[in-house]
Amino acid sequence: MSKPVTIKDVQTILTQPAGSRLIVVKIITSEPGLYGLGCATFTQRFHAVYAAIHEHLRPFLIGRDVDRIEDLFQTGMVHSYWRNGPVLNNAISGMDMALWDIKGKRAGMPVYQLLGGKCREAAPVYSHADGATKEEVADNVRRFMGEGYRYVRIQQGGYGGKATAMQHPEGIQPGAYFDQRDYVRRSLQMIEHVRKEAGPEVELLHDIHERLRPIDAVGFAKDVEQFKLFFLEDPLAPEDIEWFRHIRQVCATPIAMGELFNNPGEWLPLIEGRLIDFLRMHISQMGGITPARNVAAMANMYGIRTAWHGPGDVSPIGHAANLHLDLWAPNCGVQEWCRFNELVYEMFPGTPEVRNGYLYPNEKPGLGIDIDEKLAAKYPAESTIEEWTQTRTPDGGPVRP
Ligand code: MG
C-alpha cells in the first residue's frame, strides 16, 4: 500500500469582500501543491471560530490521513466531548469541505461525482426581491423574471417589515424595532398584490424569519395558502418546533425550515413527522458536506426536498458545496443565491455562475474553487456589533431576530 497523504497544516483565512465576514479553512497536505478549501463562516462570531480551528482543531488534525473524511468528521465532532453548536460545527465544516475538496482533486473529479454523480445539470435558484411598497416588490419580481429567474423570494421592508408608525413607551432602548401584527397585515397584502401582478407561473417564496408569535405564524401560513407560495420559510423558531404540527393541521402551505439548526435532534422529528417540505440548513452550521449528504438522503425517503441556505454569509466555497449537493441530490428543490459582487468573483476564482435562473458549476476537480489570498488580505474581516439582531417589539420587549 502506498503511503497516505497527510495533513501538514491547517490555516484559517478571514476576509470581508462584501458585507459579511467570511472564514475559509485551507488544509495543506504532505503532497506538494495539494490543498483543500472549506467554508467555516459564522460571520457574527468569527473570532471564536478562528480560535476553535487554530487552537483546537489544527493540533488534532496535523499528521492525519486526508482520505478518512468520515472518520475525521466523527472523531472531530466528539474530540471536544461537548459537541455541536455553531462555533464547533463551523470549524468542523471547514475541515470537512476541505477534505472533500482534496479527495476530489486526488480523484480528478468534481465533488458531485464522489457523492454519486449528477441528477441535474444545474441548480434552479431563487434570489431576493425586496421593496418599500408592494408595487416596488412586484416591479423587482418582474425584473428578476426578465433575467430568467423562475423562483423569487419576496419581502417588504426586510424581515419583519417597516411599520409606518409605532407607538413606543418613553425612554426606549436602542434596537431594530418592528411590529409583528403590522408585518402580518402588510405581508399578506403584498403577496396578494405580487401574485396578481406577476401571474400564476412564477414561484414565490417568503421568509417569516421566525419573527412571529407561534399562533400568528399558524394563522399566517393558513391565510397565505390561497396565494400558492413555493414555500413559506422559517415560520417558527427552532425552540417552537412543536408548533409545526398545528400548521400542518390547518393548511397545505409548503414549509421550509432549518438555517439555525445545528443538532440532528432538531431536524429528525420534523423529517420523521413529515412536518416540513424543504430543508434549509446552513451547511457549515451543521458541520459540512458529510452531515448534509446524510440528511438529504434521509429526507428523500420522506418526500422532503432541499433548499440549502445561501445568503452572503456563506462563502463562495460554501456556495460551491451547496451546488455540488444540489447537482447530486435526487431531492434538490431549489437553491438560494445571493448574487455576489465582482470583487468576490475575483477573490474566489471558480465561484459558480447563474445563467437564465440556473446555477452552474465548473467541471474542475474537487469543489472547483480557489482563493486569491493576497487579495483576501487586502479586505480584512472587521469586528462589529450587529445592529439587525437587536430586535424589539414596539413596547421595547426583546424578540428573536
Ligand atoms: Mg431564512
Side-chain angles (χ1 to χ4, degrees), residues 19-20 39 41-44 86 89-90 123-131 137 140 144 149 151-162 176 178 180 183-184 187 190-191 203-214 216-217 220-221 224 229-241 243-244 247 253-263 266-267 270 275-286 292 295 299 304-315 318-319 321-322 325-326 332-339 359 386-389 391 399-401:
S20 300
C39 179
T41 301
F42 175 6
T43 198
Q44 291 89 351
N89 283 4
N90 269 289
V125 290
Y126 73 87
S127 222
H128 304 173
D130 205 318
V137 179
N140 285 328
F144 277 112
Y149 283 85
Y151 303 80
V152 187
R153 195 187 80 174
I154 49 174
Q155 311 287 140
Q156 187 180 338
Y159 302 122
K162 295 266 182 300
F178 70 101
Q180 292 162 308
Y183 157 75
V184 167
S187 295
M190 179 272 289
I191 295 167
E203 297 286 7
L204 300 174
L205 298 72
H206 180 75
D207 187 359
I208 292 181
H209 219 264
E210 312 166 6
R211 291 198 172 199
L212 296 179
R213 301 276 170 214
D216 288 333
F220 190 109
V224 84
L229 291 181
F230 185 70
F231 65 59
L232 179 64
E233 177 178 346
D234 291 341
L236 299 163
E239 295 85 351
D240 291 323
I241 58 172
W243 283 84
F244 277 103
I247 294 180
T253 297
I255 302 296
M257 175 71 189
E259 70 193 51
L260 284 176
F261 284 166
N262 53 47
N263 184 322
E266 292 167 312
W267 59 76
L270 293 177
L275 297 173
I276 56 172
D277 304 281
F278 293 90
L279 296 172
R280 285 280 294 145
M281 275 79 110
H282 187 111
I283 300 297
S284 68
Q285 161 80 11
M286 74 186 298
V295 77
I304 296 168
R305 288 176 279 177
T306 66
W308 307 120
H309 198 221
D313 61 334
V314 169
S315 77
H319 279 275
N322 286 344
L325 287 160
D326 294 336
C332 166
V334 72
Q335 179 58 55
E336 182 182 26
W337 180 243
C338 66
R339 296 156 72 89
L359 188 64
E386 295 285 352
E387 297 282 340
W388 73 270
T389 50
T391 40
V399 285
R400 289 177 293 226

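Whatever order the structure lists ligands and atoms in, that order sets their numbers, starting from 1. Values reported hereafter were calculated over all heavy atoms of this structure, with side chains retained and with hydrogens, waters and symmetry mates removed.
Inter-residue side-chain proximity for Ile208 and Gln180 is flagged as unmet; no heavy-atom pair is nearer than 4.5 Å. Annotation: side chain of Arg153 is in contact with side chain of Asp207 (closest heavy-atom distance under 4.5 Å). In this structure, the side chains of Phe220 and Pro235 stay at 4.5 Å or more apart for every pair of heavy atoms.
For a distance threshold of 2.8 Å, the protein N, O or S atoms nearer than that to the Mg ion (ligand 1), listed by chain and number, are Asp207 OD2, Glu233 OE2, Glu259 OE1.
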Passes ring-ring contact (aromatic ring centres under 6.0 Å, His included), Phe144 versus Tyr149? Steps please. CA-CA 5 Å; Phe144 277 112; Tyr149 283 85; 5.2 Å; yes
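A cation-pi contact, defined as under 6.0 Å to the ring centre and within 45° of the axis, is absent between Arg211 and Tyr183.
Taking the six-membered ring for Trp and thresholds of 30 and 60 degrees, Phe231 and Phe278 have ring planes inclined between 30 and 60 degrees apart.
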